[in-house]
Amino acid sequence: MSQDILSGLLSGLNDKQLQAVTLPQVSALILAGAGSGKTRVLTTRIAWLIQTGAVSPNGILGVTFTNKAAREMLTRLSAMLPINTRGMWVGTFHGLCNRFLRTHHREARLPATFQILDTADQLSAIKRVMKLMNVDDEKYPPRQVQSYINGAKDEGLRATSMDAYDKHSQTLRDIFDEYDKQCQREGVADFAELLLRCFETLAREQTLRAHYQERFRYILVDEFQDTNRLQYQWLKLLAGSQNSIFAVGDDDQSIYSFRGARVGNMQDFQVDFQVQEVVKLEQNYRSHSNILDAANAIIAHNRSRLGKNLWTAEGGGEPVRLYEAYTDTDEASFIVDEVKALHNEGIEFQQIALLYRSNAQSRILEHALFSAGIPYRVYGGLRFFERAEIKHALAYLRLVTNPDDDTSMLRIINFPTRGIGTRSLEQLQETARSMNSSLWQAALTQQGKIGAFVALIKDMQDQCNGLPLPEMMDVVTQTSGLRQHYAAEKEGEDRLANLDELVTAAVTFIKERDENDLTDFLTFASLEAGEHQADPGRDALQLMTVHAAKGLEFHTVFISGLEEGLCPHENSMSETNGLEEERRLIYVAVTRARRRLYLSHAQSRMLHGQVRYNIPSRFLDEIPETLLKRLNARPVAKNNEPAWVESARASSAPAPAWKIGQGVHHDKFGAGVVQAYEGGADARVQVNFKHAGIKWLALEYAKLTAT
DNA sequence: TGGCCGAGACTTTTT
DNA sequence: GTCTCGGCCA
């Protein structure tokens with residue numbers, strides 16, 4: 001019986017995958033290329049460990065970066081094995097640290113109901129600290145202060161260990177210090193704090209550390225190339241001297257260094273954990289080889305690599321299409337026309353993605369799509385729990401559990417307006433400061449409007465006591481006056497609908513987790529901000545940045561704006577290894593495509609309200625010409641046809657007919673035999689090369705000679 | 001308190 | 001081009 005499960009688990013794995021899954025208890029680095037079955041290996045490894053009796057589900061720690069990835073792992077796992085995954089520690093770094101901190105809040109020196117600050121909350125908390133400290137926000141832009149603080153925490157540093165060699169860095173350090181004190185006072189933790197606090201607690205509390213080290217015999221990490229210094233230290237601490245870490249990652253897909261991700265962790269890991277063998281998963285199950293060859297050729301230009309080459313058992317497939325547009329609008333209309341054609345051929349819109357380097361590029365594409373009536377969906381806007389009305393409602397709820405949360409208090413003390421103006425607020429803040437207490441404590445001493453607000457929150461606390469979550473949502477949105485406020489607003493319907501949706505979210509939360517704890521729900525809202533404004537169910541084209549596309553795949557991918565300055569982005573050039581990261585970005589983008597890939601650039605484009613003339617991205621030059629099919633714009637379009645149609649037609653005229661079975665020679669691929677032939681606008685031949693394998697070659701460009 | 005206007009920014013953002 | 005923020009006025 002269990003033998004059956006075991007062989008079922010392992011069947012269908014290729015040699016490398018099998019090797020990775022069945023490694024003995026050693027720390028291992030799995031270099032998993034794009035589309036190489038990484039998630040499958042990771043989950044099968046866990047299932048295999050459990051099924052062979054190496055470890056109980058309790059002894060496994062599985063870490064990912066996104067909630068989606070964590071969910072995916074759990075879902076697959078429960079499909080593989082008849083186990084209850086509920087008690088398993090599989091989750092995101094933040095989710096797991098949160099779990100730890102809730103359980104051991106005393107040792108971590110946090111209130112049991114501590115709240116989590118998201119990025120926006122953190123920024124306003126920083127602004128508050130700076131105001132209190134009388135720091136000039138022209139000299140110290142709050143956003144920069146924020147990235148200073150987060151950058152430090154990501155490295156595992158506190159204010160006390162920050163260098164301060166001049167006035168400026170001293171001030172930054174002081175703000176950092178004050179900010180942390182404020183968070184502590186208010187019982188809140190930002191994202192980075194979750195990790196740092198968990199790390200520090202484990203480092204300090206010997207008993208706790210021993211307990212978890214004893215427990216987590218097998219630690220598995222997804223997207224290891226994206227770990228920052230602190231996350232790596234955290235893993236090391238948990239691993240201790242006897243546990244093993246199974247790290248899966250791809251250095252070529254490291255695109256988050258601007259957020260503290262440190263590819264160097266992969267090299268360090270090999271040394272620190274005496275990794276004997278790096279298992280490389282290079283067989284790609286996603287794309288045709290023309291696409292992979294293009295990706296390989298591009299990434300080969302990077303110097304700092306662990307080294308890896310993707311290959312596929314499938315054929316060459318279609319050539320990579322390259323379009324040079326005159327303007328950004330021309331580029332957009334080209335894409336629209338191609339998308340229409342593809343859709344007519346039966347490709348679903350949702351199987352087509354338009355990728356770009358920066359969000360600013362989406363507008364013009366959206367405009368063209370909208371005019372053409374093509375349904376599309378843009379990823380990356382505000383998420384559900386980030387919407388203003390939702391954050392307002394949540395702020396009331398946060399005060400209900402933890403009235404000392406000043407950030408939430410300030411958000412809603414006068415929203416909807418109840419006559420508490422800037423002046424009275426300043427007085428209240430002054431009082432709080434002199435009492436060295438939270439705003440709430442100060443407010444308790446007040447009469448008048450502030451007193452009425454206190455009474456309002458107390459009333460909510462009473463009403464919510466013992467209620468199911470969805471009803472709490474109702475109580476709060478009613479009692480606070482939020483509903484009335486939005487009902488009276490001209491365009492308030494959407495916001496009201498979102499408030500209703502909040503109730504639904506609470507219902508779903510209870511159904512899925514079988515718990516009714518407000519703090520848990522609020523944590524969920526912070527840690528899992530919800531879908532990026534989705535309109536699912538409808539077949540729509542997918543628009544997103546390259547970053548957002550990581551981990552996804554599509555039948556057809558358009559990568560637009562491949563121009564110097566945009567991609568590689570000009571701002572990246574001043575950063576160390578900036579160019580290499582930009583190249584990895586292109587690599588990620590290219591490897592999203594299964595069957596068809598379009599690359600495009602425009603000679604001129606409107607950027608920041610100015611027309612800019614860009615030269616084609618250097619990355620385009622790195623793709624071998626033999627893999628490309630150029631669809632160039634023509635200055636004049638006849639018959640109202642898009643310019644590129646004519647161009648394609650014009651190039652179709654002379655096509656030397658190759659016969660199947662004919663021996664040929666190619667400068668790069670060497671000797672081969674023609675296997676298939678296609679005529680028409682883009683005549684091409686399929687050649688089976690002795691050494692390079694089967695490839696489709698565009699006759700227009702490939703220099704083939706008969707042998 | 002809210003609305004309007006001008007200045008200035010503007011790469012990417014798993015949590 | 002377009003969004004956000006801060007200041008100023010009704």
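Letters go in sequence order (proteins before strands), and every chain restarts at 1. Not measured: the values here are computed from a predicted model.
Taking 4.0 angstrom as the limit, A/R363 places a side-chain polar atom (N or O) nearer than this to OP1 or OP2 of C/dC3. A sub-4.0 Å separation between OP1 or OP2 of B/dT15 and a side-chain N or O of A/N67 is present. Side-chain nitrogen and oxygen atoms of A/T545 include at least one within less than 4.0 Å of the OP1 or OP2 phosphate oxygen of B/dT13. Proximity of A/N98 to the phosphate of B/dT15: no side-chain N or O atom is located under 4.0 Å from OP1 or OP2. Here A/T417 reaches the OP1 or OP2 of B/dG2: one of its side-chain N or O atoms lies under 4.0 Å away. Note on A/R383: a side-chain N or O is less than 4.0 Å away from OP1 or OP2 of B/dT15. OP1 and OP2 of B/dC10 both lie 4.0 Å or more from every side-chain N or O belonging to A/N359. Contact between the side-chain N/O atoms of A/N414 and the OP1/OP2 oxygens of B/dT1 is found at a separation under 4.0 Å.
Heavy atoms of A/T64 sit nowhere under 4.0 angstrom from any nucleic acid atom. In this structure, A/Y256 reaches the bases: a heavy-atom distance under 4.0 Å links it to at least one base atom across the strands shown. A/G95 comes within 4.0 angstrom of no nucleic acid atom, judged by non-hydrogen atoms across all strands. Nucleic acid contact for A/L96: none, since no nucleic acid atom lies under 4.0 Å from a heavy atom of the residue. When heavy atoms are screened at a 4.0 angstrom cut-off, A/G419 is found touching the sugar-phosphate backbone but no base atom. As judged by a 4.0 angstrom heavy-atom cut-off over every strand, A/E193 is placed among residues making no nucleic acid contact.
Rounded to whole Å, atom C1' of B/dC10 lies 16 Å from atom OH of A/Y356. Here B/dA9 presents its C1' atom at 8 Å from NE2 of A/H608, a figure rounded to the nearest Å. Spacing between atom CZ of A/R143 and atom P of C/dT4 amounts to 10 Å, rounded to whole angstrom units. Nucleotide B/dT11 holds its C1' atom 15 Å from the CD atom of A/Q144, rounded to whole Å. Whole-Å rounding puts the A/K449 NZ to B/dT1 P distance at 8 Å. With rounding to whole Å, A/I255 atom CD1 is found 12 Å from B/dT11 atom C1'. The CZ-P distance, from A/R612 to B/dT11, rounds to 11 Å in whole Å. Taking atom CZ of A/F65 as the reference point, atom C1' of B/dT15 lies 10 Å away to the nearest angstrom.
Across all non-hydrogen atoms, the minimal contact from A/N402 to A/G187 is ND2-O, 3.7 Å. Nearest heavy-atom pair across A/A189 and A/L194 is CB-CD2, 4.2 Å.
Judged by closest nucleotide on DNA chain B, A/E582 is the one of A/E528 and A/E582 placed further toward the 5' end.
A cation-pi arrangement is present between A/R102 and A/F114, with the terminal nitrogen or guanidinium carbon under 6.0 Å from the aromatic centre and inside a 45° cone about the axis.
Out of B/dT15, B/dT12, B/dT13, the shortest distance to the side chain of A/A548 is found at B/dT13.
For the P atoms, the distance from B/dT13 to C/dT4 is 16 Å, rounded to whole Å.
For the residue pair A/Q231 / A/N265, no side-chain donor-acceptor distance below 3.5 Å is found, with atom types taken as modelled. A/Y486 and A/N498 form no side-chain donor-acceptor contact under 3.5 Å, judged by distance and modelled atom types alone.
In this structure, A/F93 does not pack face-to-face on the six-membered ring of B/dT15, missing the 5.5 Å centre cutoff or the 30° plane limit. A stacking contact between A/H547 and B/dT12 is absent: the pair does not combine a ring-centre distance of less than 5.5 Å to the base's six-membered ring with planes differing by less than 30°.
Relative ring orientation between A/W234 and A/F93 is described as perpendicular, the plane-to-plane angle rising above 60° on a 0-90° scale split at 30° and 60°. Taking the six-membered ring for Trp and thresholds of 30 and 60 degrees, A/Y396 and A/F453 have ring planes inclined between 30 and 60 degrees apart.
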